[in-house]
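Working notes, beginning with the structure itself.
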Amino acid sequence: MTLKKLIFSEAQIQARVKELGSKITSEYKDGQLVVLGILNGAFIFMSDLVRAIDLPLEIDFVRASSYDDATVSSGEIRFSKDVEISLAGKDVLVVEDIVDTGRTLSFLMQVLKGHQPKSVKICSLIDKKERREEDVVVDYVGFVVQEGFLIGYGLDCAQHYRNLPAIYHLHKTE
Ligand code: IMP
Ligand code: MG
């Protein structure tokens with residue numbers, strides 16, 4: 001059986017996304033902004049975030065996966081969809097749902113250097129501290145959590161729960 005406990009309500013998330021959008025709007029006034037989402041988890045957060053950014057911008061996605069159908073990391077990172085637009089000379093804002101070990105973002109940051117962007121920053125809805133292995137700087141953080149497995153608002157467990165409008169802690173019981 002699974003139990004879920006509310007961690008961030010829909011209203012809390014929407015308010016925080018608007019704050020992040022305003023901050024990003026004020027910090028990227030001059031330049032060519034590309035918002036680069038990491039599929040699948042970031043798709044809901046990114047769709048709200050880009051509508052809270054009042055600037056001309058381009059969007060693209062990469063698809064990375066470090067998790068299989070389980071709540072534990074398989075340890076392996078794969079990119080099965082690469083960047084499709086030119087990033088050269090542009091300000092890239094990587095959008096992630098949750099930073100856990102940091103391996104996905106650390107790998108992506110290395111890959112992005114090869115695209116000669118003007119700058120690369122990271123915006124993650126959640127910064128989960130407990131299992132961090134790689135030293136990644138998350139420039140814009142929605143919420144910090146210490147631990148636990150979260151679902152909802154794009155976050156999944158074996159591809160389920162992404163459509164929940166709020167974020168919950170998932171507990172598995174026997
Ligand atoms: P990292 O490479 O360990 O930082 O993994 C980040 C990815 O793992 C995220 O983009 C999520 O897809 C997934 N992930 C990590 N923690 C959670 C969680 O609590 N719930 C759902 N997905 C998670
Ligand atoms: Mg993800």
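Atoms considered below: every heavy atom in the structure, side chains included; atoms not considered: hydrogens, waters and symmetry mates. Note that ligands are numbered from 1 as they come in the structure, with each ligand's atoms numbered from 1 the same way.
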Worksheet item: Which part of Leu105 is near ligand 1, with near meaning a heavy atom under 4.0 Å away: side chain, backbone, both or neither?
Response: neither

Fill in: Pair Glu147 + Arg131: basic N to acidic O under 4.0 Å
no

Worksheet item: Under 4.0 angstrom from ligand 1, any heavy atom of Gly102?
Response: yes

Worksheet entry | Interfacing atoms of ligand 1 (cut-off 4.0 Å, heavy-atom, Gly148) | 19 (O)

Discussion item. Closer than 4.0 Å to some heavy atom of Glu96 - which atoms of ligand 1 meet that?
Written reply: 9 (C), 10 (O)

Discussion item. Show me the pairs that pass salt bridge (charged side-chain N to carboxylate O under 4.0 Å, His left out) and involve residues 26-47, at least two apart or across chains.
Written reply: Lys23-Glu27

Discussion item. Tell me if a side-chain donor or acceptor on Ser124 pairs with a main-chain N or O of Asp127 at a distance below 3.5 Å.
Written reply: no

Item to complete: Return the orientation label for the Tyr140 and Tyr28 ring planes: parallel under 30°, perpendicular over 60°, tilted otherwise.
Response: tilted

Worksheet item: If you measure from each non-hydrogen atom of Arg131 to ligand 1, which part falls under 4.0 Å: side chain, backbone, both or neither?
Response: neither

Worksheet entry | Residue portion contacting ligand 1 (non-hydrogen atoms closer than 4.0 Å) for Asp100 | both

Practice prompt. Run the numbers for me: atoms of ligand 1, each under 4.0 Å from some heavy atom of Phe149, listed by number.
Written response: 17 (C), 18 (C), 19 (O), 20 (N), 21 (C), 22 (N)

Item to complete: Look at ligand 1 and say whether Ala64 reaches it with a heavy atom at a distance under 4.0 Å.
Response: no

Worksheet item: When you check the side-chain N and O atoms of Asp91 and Ser119, is any donor under 3.5 Å from an acceptor?
Response: yes

Practice prompt. Show which atoms of ligand 1 fall inside a sub-4.0 Å distance from at least one heavy-atom site of Thr104.
Written response: 1 (P), 2 (O), 5 (O), 6 (C)

Fill in: salt_bridge(Asp60, Lys81) N-O dist < 4.0 Å
yes

Worksheet item: Cut-off 3.5 Å, side chains only: do Asp48 and Tyr153 have a donor facing an acceptor?
Response: yes

Item to complete: Could you list which atoms of ligand 1 come closer than 4.0 Å to a heavy atom of Arg103?
Response: 2 (O), 4 (O)

